[in-house]
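Side chains included, hydrogens not; waters and symmetry mates left out as well; all remaining heavy atoms used. Start at 1 and go down the list; that is how both ligands and their atoms are numbered. Note that the numbering runs from 1 along the sequence shown for the chain.
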Amino acid sequence: MMVLTKKMIEIRSILQTVGQSSALTLPSIVVIGSQSSGKSSVLEAIVGHEFLPKGSNMVTRRPIELTLVNTPDAQAEYGEFPALGLGKITDFSSIQRTLTELNLAVPDSECVTDDPIQLTISSPHVPDLTLIDLPGYIQVVGHDQPLELKQKISDLCDKYIQPPNVILAISAADVDLANSTALRASRRVDPRGERTIGVVTKMDLVDAPRGASILNDKKYPLRLGYVGVVSRVPPQTTGLFKKGSGSISAAISKNENAFFSAHPIEYGPEAGLSVGTTTLRKKLMHVLEQTMAASLQSTSDAIKQELEEATYEFKVQYNDRPLSAESYLAESLDAFKHSFKEFTEHFGRPQVREMLKEELDQRVLDLLAARYWNKPVPDLSPAPPEPDSLADLPNADPESLYWHRKLDASTSALTKLGVGRVATSVVANAIQAHIDRLIAQSTFASHPFARQAITEAASGILNERYYSTSDQVENCIKPYKFEIDMEDGEWSKGRENVAGVLKNELQACEAAVKNVEDTVGGRRKLRDVMTFVDRARKGDVVVEGDGASGAGGFSSALLQKGREAVFLRDRASILRMRLAALKSKQCASMKNKYYCPEIFLDVVATKLTSTAVLFLNVELLSEFNYNFPRELDIRLGRGLGKDEVERFAREDPKIKAHLEVIRRKELLELVLSKMEGLRALEVEGKSRRPSL
Ligand code: GDP
């Protein structure tokens, strides 16, 4: 039983998944021969199918690492290209096409490369073998081929025919063995002929006595001997079968048997020569099995060494810390949910109220500026008269319809500005921003996939809730659009509050002036240009045109800054004036609401805020807090497949390296234990194994 080769092939495919280092290369049979020596025919005869690229234009340009897997209990025969992930290919002409494409992808200018193609063929009719097919040696370089091609092919073959590989040297019977490039190459690396099998093809092309003398060769003695074959598919067969699809084994062996049995004296059992593809197959199996056995120890040692390195790396770099993609994701998700929980504890009604009130405060300021503090924005034209300037406000007649309407219109502008939409947006944006911050602070920061999943989870919920929340809020503040009830307590609170808002605004104005000062290059310069702007407004100086190209010796950019500063200064002086008014006795009582629109609007804003907050809390915040962790579970927890979890974890290079060391270590441990088992088996079976 050829158990060893089979097991070793399994081991080799495990090693390939951990990025096999050259130290771990297990022995293969390397097939070399000149072009047209019949190399492909021999390989196809072994496999029983036509599957290799055919054609005159250098069709083998890359090594083909061919793994044959015997599947005794299966019917199907199929090939797989593990690197391509095409799945099982049962049509051998399709394998042939793929191989041709892969080879011809190497440009003519390079002609050959040492990047191997891996192909596994599984069938109940193939032996367990690993064969490497190499580009054929050439005698003459074609006119469209690189000059150094001969050398390149030879170098490539030399790379593969090193120990512990077995060399299958193909020579054609109709060419003098002394001229066989394959045998010469083998001699260079295996001078005593210990690991070379000679295959002599096209035995049908020489007469039997000559054929027999070739196989008996004494000039190039090989310990593993020569095998003579006739591996061409008989011409009449190819017509019968659809080319490349059916098995060619029967046709070849029938043809071969007929030929060799026609010459019983030379090739019969008495002659003691090795002939026929079946004999060759058996020989290959035995030789590979023995070579595998011989390399068990060194391969084991190499794996042990690799394992020690992996173990050391795991200890030193990762402190022996266990990790799996699943555990990493689960921990990251838990930590994230925990941080979200913490966030929800600090982001409730009081915070929403504060945010919303701030937003409405700004809207109130805008309204006041537009309706009460509306000094014309300074430009360079003389100022128009100011009919309802602020100066008149303290004298507003409480009975005057004008001031009534003004306050009513302002209040209605505030209640009808779309509080539902504004409030919902403010809160939704704040939540989304907080989630972004939580992501940035979490392990997910370095995972684009997770970042996107979380962001989408949040925006999905927020978008879904947006319209209903906004409608609900809008509905609930509806009464304020018609009537505002106000109590004394509310008035005095509003008075206090709006004073704070105005003070902040005043500070902001002052800071902005300072900022303009800095950008124009000093207080003095700014004062000069402001003086000019003021004079222009009063009509003291005349500015030609629109002043866009500059005036009074100031550039237009500087004038622009001057206008800005004048505006800010005026705004600041209004704010100071209004702050004084708020402090005055007049504003102490609700009776004088027409004098103090700031307070009145502030109270309205507070009422709107309180009502909105109730519904925002129920409709948006609570819903979000409930659904978000569940959505995370769906998108990043149980909703993910194994591959996705793996891909996720590997997005972080540090985690990827960590996981790889562990996987490498585990696989090497697995392989080593298999190897130890094999060695025990080997020691036991040694006495029973017949040697070749
Ligand atoms: P490669 O270039 O070394 O792969 O050679 P091929 O396997 O393509 O064979 C080259 C040519 O020799 C083809 O036309 C084959 O049909 C022919 N050939 C291969 N083996 C035999 C054989 O045993 N006997 C005869 N007569 N022709 C063969």
May I ask you to check whether F648 and Y328 place their ring centres under 6.0 Å from each other?
-> yes

Considering only heavy atoms from C-beta outward, does the side chain of [X] approach that of [Y] to under 4.5 Å?
X	Y	value
K665	T311	yes
V229	V199	yes
K202	R232	no

Residues in contact with ligand 1, criterion: heavy atom under 4.0 Å | S34, Q35, S36, S37, G38, K39, S40, S41, K202, D204, L205, V230, S231, R232

List, one per line, each side-chain donor-acceptor pair under 3.5 Å for residues 312-319, sequence neighbours excluded.
{"from": "Y318", "atom 1": "OH", "to": "H658", "atom 2": "N", "distance (Å)": "3.4"}

From I132 atom CD1 to K159 atom NZ, the distance as rounded to the nearest 0.5 Å | 10.5 Å

